[in-house]
Protein chains: 2
Amino acid sequence: MCARQTRPVTRTDVAREAGVSTAVVSYVVNNDPGHVSEATRARVRDAIRRLGYRPNASARALKTGQTGLIGLVVPEVLNPYYAEFVEALDRAASERGSSILLGLTHKDPEGEEKTVRSLVARGVDSLIYQCDFNDEKAYRMGGDSMPRVLLDRSEPLPGLVTVGADSTGGARQVVEHLVGHGHRRIGYVGGRMVGRKSDLRLAAWRQVMAEHHLDAPEPVLTDWSREGGYRSVGDLMDRDDPPTAIFAGSDFTAVGVLQALHDRGLQVPGDVAVASFDGTADSAYTYPALTTVRQPFDEMAGRAVDLLAEDGRAPQSTVFPMALVVRSSCGC
Amino acid sequence: MCARQTRPVTRTDVAREAGVSTAVVSYVVNNDPGHVSEATRARVRDAIRRLGYRPNASARALKTGQTGLIGLVVPEVLNPYYAEFVEALDRAASERGSSILLGLTHKDPEGEEKTVRSLVARGVDSLIYQCDFNDEKAYRMGGDSMPRVLLDRSEPLPGLVTVGADSTGGARQVVEHLVGHGHRRIGYVGGRMVGRKSDLRLAAWRQVMAEHHLDAPEPVLTDWSREGGYRSVGDLMDRDDPPTAIFAGSDFTAVGVLQALHDRGLQVPGDVAVASFDGTADSAYTYPALTTVRQPFDEMAGRAVDLLAEDGRAPQSTVFPMALVVRSSCGC
DNA sequence: TTGAAAGCGTTACCAC
DNA sequence: GTGGTAACGCTTTCAA
C-alpha cells in the first residue's frame with residue numbers, strides 16, 4: 001500500500017505501475033498534446049497519484065537547460081520602495097510560470113557582485129537588476145549569454161535592456177502641483193545618485209522652478225533613507241528664507257522629513273507643505289498622508305519579466321508614465 | 001582565443017584543456033582536499049579561468065540531491081514585519097551557503113497551498129513557513145521527507161518544529177510599562193488570529209491588567225493591517241470612558257492607530273499614549289516614534305536555518321526573548 | 001595522485 | 001500511439 005522505503009518515486013516507477021514506457025509518462029506529465037491516447041493518459045495519471053510521484057526539478061532542468069528561476073538583485077526589502085518591486089515581480093513571474101530567486105545585497109556595495117555570482121551559480125535563467133551601485137558592472141557580470149534587464153531606469157542606456165518610469169514627468173507633476181498651491185520657495189531633498197549620471201527629479205524640479213521664474217533654493221543632497229530625510233530638514237529650515245514647501249525625492253525620504261518637521265513643532269501642510277515621489281503603500285499612512293507620484297510598479301515588473309522571456313538581448317528601453325496621487329501633505 | 005560557439009563550457013572541456021580527467025576537475029572545483037597535487041590543481045584552475053567554466057547547478061543538484069534552495073512561504077513583503085524576516089533569513093541562509101526561494105502568498109488564503117506546491121516543484125531542500133492561515137495544513141503539505149520549520153510561533157505545536165519569540169513576555173513588558181506611566185484604562189487593538197488558537201498578546205494584556213486590579217476594556221479585534229488599526233480607533237475612543245493608553249498588537253496596526261488619532265485631533269502621547277509590538281525598523285519613524293517590543297528577528301532566522309541544516313525532523317520548539325524599546329509614543 | 005565509468009531523473013528523437 | 005534509448009553535466013566509487 002505505502003512504500004516501505006523513503007526512496008523517491010521516479011518516472012520509471014510510474015511507467016512500471018502504469019504498464020507503459022517512461023517516454024509516455026513524460027508526455028503525460030508535460031501535457032504533450034495528441035501524443036498519447038486518453039485511456040493511457042488516465043492510466044498514467046492514476047499511477048502518478050497512487051505513487052505520489054513528483055517530477056525531479058533538477059533532472060528536468062539539466063535536460064532542458066531551464067530552471068524557471070529569475071534572479072532578482074535588489075538592495076533590501078525593508079525599504080518599501082524595493083518591496084513594491086519584489087511583490088510586483090513575484091506576481092509577474094508566477095503568472096508566467098517562473099519563480100523569483102532573491103538576491104539581496106543588503107546595501108553592501110561589494111555584496112552586489114557576490115549576489116550576482118551566487119544567483120548565476122544557482123542556475124537562474126535570467127536576471128533582473130534593481131540596484132543602486134555599479135550598475136553596469138554588475139549587469140555585465142551576468143554574462144552575455146543570459147537575458148537580463150536593468151529595472152528602474154528612466155533613460156536608455158547604450159547596449160542595455162532597461163525598464164523604468166518617466167521620472168522627469170513624475171517630478172514635474174509634483175512640482176507643478178506645489179506651484180499651483182501658490183508656493184514660491186520650494187526646496188528639494190533627495191539622495192545622492194551613485195550608479196547613475198544625474199537625478200532626473202532634481203533636474204525636473206529645477207526646470208519647473210525656472211519655467212515659473214522662481215529661484216530654486218540650494219537642494220539638500222543626503223542619502224536615500226529616512227535618516228537622510230530627517231537630517232536634511234535642519235539644512236533646509238535653518239536658512240534665512242526657509243522654503244514653504246518641500247519636494248522629497250522619495251517617500252522614504254519624506255517620512256524622515258515629516259518626522260523632523262514635527263519634532264521642530266512645524267505643522268504640515270500649514271507651516272510647510274510636503275510632496276514626494278514613488279507612491280509606495282506606506283505613503284498613505286504617514287501623518288499627514290503624502291501627496292506623491294506613483295511608480296508604475298506592476299507595469300514595470302510585467303514588462304521586465306516579458307522581456308526576459310522574449311530572450312530579448314537587443315538593447316531597448318521602456319518607460320511608463322507616473323501618476324500623481326493627491327493626499328493631504330501638500331495642502332489640498 | 002575565444003570560443004566561436006555559445007555552447008556552454010563543461011567539465012569535459014576543462015579536463016581536455018588541462019590534460020586531466022573529468023574527475024580531477026571535479027576534485028578541484030569542490031576543493032577536495034589532499035586529493036590532487038598542487039601542480040595539477042593550478043593547471044586545472046588555469047584551464048577553468050581560460051575557458052570561463054561555470055559548474056552547472058542543475059547537474060550537480062541532480063547528482064547530489066541538493067539544490068541549496070530554502071523555500072520561504074510568507075504572505076507579503078510590503079509589511080515590514082515580514083520584510084524583517086525575509087532580510088534576516090536571507091542573511092542567515094547566505095551565511096550558510098543557501099539561497100532563499102521566495103514564496104509569496106500575497107495574502108491569498110489559497111495561495112498558500114499553491115505556493116508550497118510551487119516551491120516543492122522547484123526542488124527546494126527545505127521549507128520555512130511564516131504564514132497566517134491554515135498553518136498546519138500547509139506545513140504537512142511540504143511532505144514529511146523535507147526538513148521544515150514553522151516560524152514565528154511562541155508555543156510548541158505537537159509534532160512540529162517551531163521557532164518564535166516570547167510574545168507573552170513581550171506583551172507583558174509593554175503593558176507593565178504603560179501601567180508604570182500611571183495609565184489605568186489601557187485598551188488593546190489587534191487582529192484576529194486565523195491559524196492559531198489564541199493571541200498571547202491579548203492574553204498577556206488581560207493578565208497584567210488583572211494583576212494590577214485594573215478593568216480591561218473590551219479589546220478591539222480587526223485585521224492585521226494599517227487600515228484595521230485606523231478603523232479600530234473609532235470603536236475605542238467613542239466609548240463613554242475611552243482609554244488613556246492603547247496597546248497595539250503590531251507596529252503595523254499602531255501606524256493606523258496613530259493616523260486615526262491624529263485625524264481626530266488627539267495628541268500622542270498627551271491625550272492618548274500608544275505602545276506596540278514587533279519593533280520593526282519603521283516603528284522608529286512614525287510620529288511620534290513608537291515604544292514597542294522588538295522581535296528577535298536575527299536570532300529566529302538563524303535558528304530556523306540551523307534547524308533545517310540539522311535536518312532536524314524531531315519536533316521541538318525554540319523561543320527567544322523580546323526586548324522593550326522605549327521611544328516617545330508612551331509618554332516617556 | 002589520477003582516471004574510468006556508473007549512474008542521478010529527465011526529455012526528445014527515432015523506430016515501430 | 002507507444003517504446004527504446006542516448007544524452008544532459010556532474011559526483012563518486014573503485015582500480016590503477
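In what follows, chains carry the letters A, B, and so on, assigned in the order in which the sequence lines appear, proteins first and then strands, with residues in each chain numbered from 1. FYI, side chains are in, hydrogens and waters are out, and symmetry mates aren't considered; it's all heavy atoms of this structure.
Donor-acceptor pairing under 3.5 Å, judged by distance alone, is absent between the side chain of A:K63 and the base of C:dA12. Side-chain to base pairing of A:Y53 with C:dG9: no donor and acceptor N or O lie closer than 3.5 Å to each other. In the interface, the side chain of A:Y27 is paired with the base of C:dC13 through a donor and an acceptor atom under 3.5 Å apart.
Taking 4.0 angstrom as the limit, B:S21 places a side-chain polar atom (N or O) nearer than this to OP1 or OP2 of C:dG3. A:R60 has a side-chain polar atom (N or O) that falls below the 4.0 Å cut-off from OP1 or OP2 of C:dT11.
Nucleic acid contact class of A:T40 (heavy atoms, under 4.0 Å, all strands): sugar-phosphate only. Among the atoms of the strands shown, none is found under 4.0 Å from any heavy atom of B:S58. Using a 4.0 Å heavy-atom criterion, one finds that A:V20 contacts the sugar-phosphate atoms exclusively. Residue contacts shown for A:R41 are absent, as no nucleic acid heavy atom lies under 4.0 Å away. Among the atoms of the strands shown, base atoms are found under 4.0 Å from some heavy atom of A:S26.
Side chain to side chain, B:T22 and B:T12 fail the donor-acceptor criterion of an N or O pair below 3.5 Å.
The nucleotide whose nearest atom lies closest to any side-chain atom of B:T64 is, among D:dT11, D:dC10, C:dT11, D:dT11. Comparing D:dT2, D:dT11, C:dG3 by their nearest atom to the side chain of B:A23 picks out C:dG3.
To the nearest 0.5 Å, atoms CG (A:L119) and OH (A:Y129) are separated by 8.0 Å.
The interatomic distance linking A:N31 (CG) with C:dA12 (C1') rounds to 16 Å, in whole Å. Taking atom CZ of residue B:R11 and atom P of nucleotide C:dG3, one finds them 13 Å apart after rounding to whole Å. Taking atom CD of residue B:Q66 and atom P of nucleotide D:dT11, one finds them 13 Å apart after rounding to whole Å. In this structure, CG of B:N56 is placed 18 Å from P of D:dA7, rounded to the nearest angstrom. Atom CZ of A:R43 and atom P of D:dG3 are 8 Å apart (whole Å). Protein atom CZ of A:R16 is 16 Å distant from nucleotide atom C1' of D:dG4, rounded to whole Å. Look at CD on A:E38: it is 13 Å from C1' on D:dG1, rounded to the nearest Å. When rounded to the nearest whole Å, the span between CG of B:N30 and P of D:dT12 equals 7 Å.
Side-chain atoms of B:D108 never come within 3.5 Å of backbone atoms of B:T105 as a donor-acceptor pair (strictly under, hydrogens ignored).
Between B:L62 and B:T22, the residue anchored closer to the 5' end of DNA chain C is B:T22, taking for each the nucleotide with the nearest heavy atom.
Between B:R43 and B:D46 no salt bridge is recorded (no basic side-chain N to carboxylate O distance below 4.0 Å). Remark: A:E113 engages A:R117 in a salt bridge, criterion side-chain N to carboxylate O under 4.0 Å.
Heavy-atom minimum distance, B:V120 versus B:L127: CG2-CD2, 4.0 Å.
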